[in-house]
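Structure first, commentary second.
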Amino acid sequence: MLKNKRILLIISGGIAAYKSLELIRRLKEHGVEVAPILTRGGAEFVTPLSVASLAGHKVYQELFDLDEEAEMGHIELSRSADLIVVAPATAHLIAKMAQGFADDLASTTLLATDTAVLVAPAMNVRMWENPSTQRNVSVLEQDGVDFVGPNEGTMACGEFGPGRLAEPIEIIDAIARKLSENLSAPLAGKRVLVTAGPTHEPIDPVRYIANRSSGKQGFAIAREAAKLGAETILIAGPTALATPVGVRRIDVETAEEMLHQCQAAGSCDVAIFAAAVADWRVNSPAKQKFKKTKSAIPELSFVENPDILATISQNSKGRPKLVIGFAAETEHVDKNAEEKRIRKGCDWIIANDVSPETGIMGGDFNQIRLITQNGTEIWPKLSKKLVAKRLVERIITEFGDQADAAE
Ligand code: C5P
């Protein structure tokens, strides 16, 4: 868990700063790369030389240091870290963090980052218990900052109570926990759009044309994406399925409404079009219910619906990085699906045979072929949940590969 991880360690000014040296030593033993920032107060208690020697890394100290800014600015410092650890964190630094002050390198880096932050406070018991410190801590907790300690015990000032820096081993445990949480949210910061279910195309106010899609596969994909940290928007045709936890669901009825909501959703990293959208809609649905009379059997005429997948795939402005379509086929699955991938302009197609004997339409299982620009992967028969899990893992790998290629 800890090996090869990069931690930005901010050491602020308190007598407990000496323990940060032990923390660095132990982190190094675990194979962690430690980039230290030492505040002015911190440097009153430990020397930059001790910190640098133990970390085997340059120590960053000043916000306005031309050499440091040229080499690695505060934004880059935090961006290259897997986690920022503030140990020890003084009451003053905690107050600055809670208020968003940026008057030195440490506070500016903390304000400029979206990397996870773990804080190990250390201070006199009355400073810790002071309502303003407690207020600041709860503000930071609401902002998603995690705390380890302080512990209770005898302090350097001779008083007893909570305020001691957590032991290095406890800080390392908290670091490992925090890193594993981050690991399980590999889609954090990504926006994923999913369409699911059938569409209903009205004939008159009470009748409609629909299809057998249950929405189960699309809902399962949305659930997985949200579970792994993506901001997930699910545009759902009519289904009785419950909204997965953490998913923003927008209900629609018709293909036209579905397209409108997809466009209104704004820019996304991934768009997955699992909905079984009706290809045609009734031209001018009747305003009143058709009456059953022997002499006048209604005749319906149709117009083509917009192709949502093709529209989004071929949108030159703000196209998602990865567009995935589905191809429900009853014959020549591979050939039809690959043609569809090219014709619609999407990146991947998930093809499946929905002949009635497969039981896929409406059922809980799916057997898919993933068709990408690199060829076809044949997946085994899996539950729709497992297909979703595997697909989302595949998307994560794809983003990882893209990031590697960009480096
Ligand atoms: O052309 P066909 O309906 O077989 O294509 C299926 C794929 O296209 C699915 O991903 C489906 O969600 C999408 N589609 C769409 N809008 C349509 C028809 C299909 O987005 N009008």
Side-chain angles (χ1 to χ4, degrees), residues 192-202 208-222 225 232-239 241 249-265 268 270-283 302-315 319-320 322-356 358 360-362 366-373 376 379 384 387-388 391-392 394-395:
V192 174
L193 174 80
V194 182
T195 69
T199 62
H200 285 183
E201 308 296 334
Y208 56 82
I209 292 174
N211 59 60
R212 295 185 196 279
S213 168
S214 64
K216 284 179 186 167
Q217 188 62 82
F219 272 59
I221 293 168
T232 308
I233 304 147
L234 173 64
I235 319 261
T239 80
L241 298 174
R249 172 181 182 166
I250 300 166
D251 286 316
V252 295
E253 291 221 344
T254 66
E256 285 184 303
E257 285 168 16
M258 193 173 267
L259 173 61
H260 173 72
Q261 291 298 345
C262 286
Q263 288 168 329
C268 292
V270 188
I272 305 160
F273 294 94
V277 183
D279 291 319
W280 301 280
R281 67 178 180 276
V282 175
N283 197 5
F302 293 91
V303 282
E304 203 174 332
N305 264 331
D307 192 312
I308 304 168
L309 171 60
T311 309
I312 303 287
S313 296
Q314 292 161 25
N315 176 11
R319 180 192 191 274
L322 185 62
V323 180
I324 306 173
F326 275 68
E329 304 289 343
T330 53
E331 56 179 357
H332 311 305
V333 177
D334 281 343
K335 185 170 162 288
N336 289 347
E338 175 56 9
E339 278 171 14
K340 197 167 287 181
R341 191 180 78 77
I342 309 279
R343 190 172 67 245
K344 302 219 184 197
C346 57
D347 303 298
W348 297 356
I349 280 271
I350 293 166
N352 54 10
D353 183 344
V354 291
S355 309
T358 66
I360 287 174
M361 208 89 174
N366 206 351
Q367 165 134 46
I368 68 136
R369 290 157 176 267
L370 179 65
I371 297 166
T372 73
Q373 42 284 52
T376 300
W379 290 14
K384 287 183 177 171
V387 169
L391 177 68
V392 173
R394 189 70 176 64
I395 292 169

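Atoms within a ligand are numbered from 1 in the order they appear, just like the ligands themselves.
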Can you list every pair where an N/O of ligand 1 is under 3.5 Å from an N/O on the protein?
unit_1: ligand 1; atom_1: 1 (O); unit_2: Lys344; atom_2: NZ; d: 2.9
unit_1: ligand 1; atom_1: 4 (O); unit_2: Lys340; atom_2: NZ; d: 2.3
unit_1: ligand 1; atom_1: 5 (O); unit_2: Lys344; atom_2: NZ; d: 2.9
unit_1: ligand 1; atom_1: 8 (O); unit_2: Lys344; atom_2: NZ; d: 3.1
unit_1: ligand 1; atom_1: 10 (O); unit_2: Phe273; atom_2: O; d: 2.6
unit_1: ligand 1; atom_1: 10 (O); unit_2: Phe326; atom_2: N; d: 2.7
unit_1: ligand 1; atom_1: 10 (O); unit_2: Phe326; atom_2: O; d: 3.4
unit_1: ligand 1; atom_1: 12 (O); unit_2: Phe273; atom_2: O; d: 3.1
unit_1: ligand 1; atom_1: 12 (O); unit_2: Ala275; atom_2: O; d: 2.6
unit_1: ligand 1; atom_1: 16 (N); unit_2: Ile308; atom_2: N; d: 3.0
unit_1: ligand 1; atom_1: 20 (O); unit_2: Ile308; atom_2: N; d: 3.4
unit_1: ligand 1; atom_1: 20 (O); unit_2: Leu309; atom_2: N; d: 2.8
unit_1: ligand 1; atom_1: 21 (N); unit_2: Pro306; atom_2: O; d: 2.8

Item to complete: In sequence, state the C-alpha distance, the side-chain angles, and the governing distance for Asp307 and Lys340, and then conclude on salt bridge (charged side-chain N to carboxylate O under 4.0 Å, His left out).
Response: CA-CA 12 Å; Asp307 192 312; Lys340 197 167 287 181; over 6 Å; no
Response to the item:
Residues passing the salt bridge (charged side-chain N to carboxylate O under 4.0 Å, His left out) test with Glu253, sequence neighbours excluded, are none
Item to complete: Kindly compute the distance separating OG1 (Thr254) from OH (Tyr208), expressed to the nearest 0.5 Å.
Response: 13.5 Å
Item to complete: For Glu338, check side chain to side chain contact (heavy atoms under 4.5 Å, CB included) against everything at least two apart and list the hits.
Response: Arg341, Ile342, Ile371
Worksheet, complete the sentence: Residues at least two apart in sequence or cross-chain that pass salt bridge (charged side-chain N to carboxylate O under 4.0 Å, His left out) with Glu257, listed by chain then number, are none
Worksheet item: Once you round to the nearest 0.5 Å, how far does CD1 of Ile312 lie from OG1 of Thr195?
Response: 9.5 Å
